[in-house]
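None of these values were measured; they are calculated from a predicted model. For reference, positions follow the sequence shown, starting with 1.
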Amino acid sequence: MFRFTLLRGILIVSVLAVIILPVYTFFFMNPAFTNLLIENAENEAVRVARHSAVTLLRAEAEGLKKEAIPDDFPSHIKTLQEDFDLVKVKVFSPVGEIIYSTDPREIGHINKEKYFHEIVAKGNNYTKVVKKQTQTLEGLKLSADVVETYVPIMSGSKFVGAFEIYFDITERKKKIDDLISHSHNIIFVIAAGLLAAVVISSLRARVNIEERNRAEEQLRKQSAELKETNSELLAFYEVSSAISRTMDMNELLSIVLNTVTGLGVLNIERKGGIFIIEGDKMKLVSHLGHSKAFLDLHKDMKIGDCLCGIVAETGEILISENSAEDIRHTIVYPDAVPHGHIIVPLKAINKLVGVLYLYLAPDFKIDERKVKMLVSLGNQIGMAIDNARLYEETKSLSLQDPLTGLANRRFMEIVMDRSFTRAKRYGHLLSVIMLDIDYFKKYNDTYGHSAGDQLLVDIAKIISGEMREVDVIVRYGGEEFLVMLPETEAEKAREAAERIRKAVESKVGVTVSLGVASYNKEMQTKEDLINRADMALYLAKQNGRNRVEMI
């Protein structure tokens, strides 16, 4: 806006300059030159008159008289006419009688005009510019531009007569007019050129400014979008990090609720809860910021009840801008205040496992982009809940190896089925480490089977200490172990295998060989992934043992 105002100001000043220059020339310069010409002509008339009066006339006390004019005066005046471009010369007596004129017909006439008796007779010059075909002071029409000047002749302070001298300024005025006209044209051309240059420059500058403003606006939009994207990625990262910290259901739900309500990108209140769906019922398993009255009213929720029940029934996200005005909000508790809701279905592989409800300020508008983000977060949380539930189920079935306390092969089959299905359907990362103790038979033969069993227990503890809670560690059979690493790329899995190798060697004094494989689209079954890890393990043994190989 400032730039456009500046350009507009420059353009206005330029237009005014183009207008003012010709106006100044016409109304100030032209009259100034004309006045200078008149003043010069008047001064020359005064010099001529006074010279003639001194040298040619004998002024008497009573004033100039016709008889006082010498015989050679006409020839002298004729010479002055030729030298000074005089059109006419008259001599007046004190009473205004013409006692001499270059036009003899005027001799004897008396000037009765006020200017003669009130101005000239009082000792003052009087001048008038007479243009072609206009009347003189005495009513005569002339064919030239003249300066008509009355010059009083004074004897001391007494008026004794006057000269009237007509200076022909036609040529001089024409030259001045031509000069002024040429100057005016030059000034006009220069001003017009400057105006055109300013207009063109202004237009170009305006185009440049508009392009720059568009570019800046685009940059601002891209910056805002990038900031929004970064905020969303941070939200996913925070939720993902929270989910990966534990497999315990209660702890998981508490961490998820605290993390989601604390996300700055959502502009939600630090309040909400999570329902788990069990058949046709909904169990409030985690909550934040609620009174006892609220909790009592939500103990026996069923699918379809209130807003959360509707989401459990439809599986679609629901937004309620004001609970006090939403007829679907059927459960009202004593300390309720008007609020908004956004309620998110928690899904795992198209199966609804729960509902997350969050609080908004009344009549708060949430944009579509954040709604989509919450849907994605709901799917992520839903899968975490499903994994935690599966973990709880497998624990309850005691799917553990009795010696090492690790999951057994049966548990691995269940978890691997689900993990491989997610990887194949949704493109999730999944890696596997296969581990075998080097020369274990020799160890048993040397130290006995009890020592061999203890070695297996010790190595199981070392592996567990090096892996995350979300990773599944399985005693695969005999001296073999298998580790499943969800959401882990191949290189990270290789690094984890190397940590295990080094830890085992340094802590128990034996070595292990490890094979690493990661899911790719060519794999059709979980066995393909396990076989690939087994092939990598075989390659590690072939290449000298006590090493990690990856295929």
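Applying the ring pair (Phe, Tyr, Trp, His ring centres under 6.0 Å) test to every pair with at least one member in residues 296-322, sequence neighbours left out, gives these pairs: Phe294-His298.
Minimum interatomic distance between Val516 and Ala497 (heavy atoms only, all atoms of both residues): CG2-CB, 3.8 Å. Across Ala388 and Leu252, no two heavy atoms sit closer than the pair CB-CD2, 3.7 Å. Between Ile274 and Val256, the closest heavy-atom pair is CD1-CG1, 4.1 Å. Residues Ser431 and Ser518 approach most closely at OG-OG, 2.6 Å, considering heavy atoms. Here the shortest heavy-atom pairing between Ile381 and Val260 reads CD1-CG2, 4.0 Å. Here the closest heavy-atom approach between residue Thr261 and residue Ile268 is recorded as CA-CD1, 3.8 Å.
Partners of Lys442 under the side chain to side chain contact (heavy atoms under 4.5 Å, CB included) rule, at least two apart in sequence or in another chain, are Tyr439, Thr446. Residues passing the ring pair (Phe, Tyr, Trp, His ring centres under 6.0 Å) test with Tyr357, sequence neighbours excluded: Phe275, His290.
In the displayed structure, Arg214 atom CZ is contacted under 6.0 Å by more than 12 heavy atoms of other residues, nucleotides or ligands. Environment of NZ in Lys271: crowded, with over 12 heavy atoms of neighbouring residues, nucleotides or ligands closer than 6.0 Å. Residue-environment remark: CG (Asp300) stays at or below the threshold of 12 foreign heavy atoms within 6.0 Å. Other residues, nucleotides and ligands place more than 12 heavy atoms under 6.0 Å from the CD atom of Glu217.
A 4.5 Å side-chain heavy-atom check between Ile317 and Pro345 finds at least one atom pair inside the cut-off. Contact annotation: the side chain of Val472 never approaches that of Met412 to less than 4.5 Å [non-hydrogen atoms, C-beta and beyond]. By the 4.5 Å heavy-atom criterion applied to side chains, Val432 and Met416 are counted as neighbours. Within the 4.5 Å cutoff, no side-chain heavy atoms of Val510 are placed close to those of Asp438. Looking at heavy atoms from C-beta onward, Gln380 lies in side-chain contact with Leu377 at the 4.5 angstrom threshold. Annotation: side chain of Lys424 is in contact with side chain of Tyr519 (closest heavy-atom distance under 4.5 Å). Contact annotation: the side chain of Asn213 approaches that of Glu216 to within less than 4.5 Å [non-hydrogen atoms, C-beta and beyond].
Between Arg328 and Asp326 there is a salt bridge, since at least one side-chain N of the basic residue sits less than 4.0 Å from a carboxylate O of the acidic one. Ion pairing between Asp436 and Arg545 fails under the 4.0 Å rule for side-chain N and carboxylate O. Ionic pairing of Arg499 and Glu495 is not present here: no N-O contact between side-chain nitrogen and carboxylate oxygen is shorter than 4.0 angstrom. With respect to Arg494 and Glu491, a salt bridge is recorded, a charged nitrogen being found less than 4.0 Å from a carboxylate O.
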Next on the checklist: Does Arg212 form a side chain to side chain contact (heavy atoms under 4.5 Å, CB included) with Ile209? I'd like the steps, not just the answer.
Outcome noted: CA-CA 5 Å; Arg212 181 175 177 180; Ile209 290 171; 5.5 Å; no

Item to check | Derivation of the side chain to side chain contact (heavy atoms under 4.5 Å, CB included) call for Ile331 and Met301 | outcome: CA-CA 10 Å; Ile331 299 177; Met301 285 273 293; 3.3 Å; yes

Checklist entry - Can you list the steps and then say if Asn520 with Met523 is a side chain to side chain contact (heavy atoms under 4.5 Å, CB included)? => result CA-CA 6 Å; Asn520 62 55; Met523 298 176 181; 3.7 Å; yes

Checklist entry - Step by step, would you call Leu429 with Lys492 a side chain to side chain contact (heavy atoms under 4.5 Å, CB included)? => result CA-CA 11 Å; Leu429 298 172; Lys492 295 293 184 183; over 6 Å; no

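Rounded to the nearest 0.5 angstrom, Glu269 CD and Leu358 CG are separated by 10.0 Å. In this structure, Asp280 CG and Asp305 CG are separated by 10.0 Å, a value rounded to the nearest 0.5 Å. Remark: Asp367 CG to Lys365 NZ distance equals 12.5 Å, nearest 0.5 Å. Separation of atoms CD1 (Ile277) and CD1 (Ile303) is listed at 5.0 Å; rounding is to 0.5 Å. Interatomic distance, Ile255 CD1 to Ser286 OG, rounded to the nearest 0.5 Å: 10.0 Å. Residue Cys308 holds its SG atom at 9.0 Å from CG of Leu356, rounded to the nearest 0.5 Å.
A donor-acceptor pair under 3.5 Å links the side-chain atoms of His339 to the main chain of Val337, judged by distance alone. Put simply, the side chain of Lys347 gets close to the backbone of Gly315: a donor and an acceptor are under 3.5 Å apart.
Cation-pi geometry between Lys526 and Phe420 is not met at under 6.0 angstrom from the ring centre and within 45 degrees of the axis.
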List the atom pairs, donor and acceptor, that lie under 3.5 Å between side-chain atoms in residues 449-466 and the rest of the protein, sequence neighbours left out.
residue	atom	partner	partner atom	Å
Gln454	NE2	Asp458	OD1	2.9
Ser464	OG	Ala460	O	2.9

For a quick test of your reading: what N or O donor-acceptor pairs under 3.5 Å do the side chains of residues 479-489 make, sequence neighbours left out?
residue	atom	partner	partner atom	Å
Glu487	OE2	His428	ND1	3.0
Thr488	OG1	Arg468	NH2	2.8
Thr488	OG1	Pro486	O	2.9

Which atom pairs, one a donor and one an acceptor, fall under 3.5 Å between side chains of residues 528-540 and the rest of the protein, sequence neighbours left out?
residue	atom	partner	partner atom	Å
Asp528	OD2	Gln524	N	2.9
Asp528	OD2	Thr525	N	3.2
Asn531	ND2	Glu527	O	3.1

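Of the N and O atoms on the side chains of Arg501 and Asn546, at least one donor lies less than 3.5 Å from an acceptor on the other residue.
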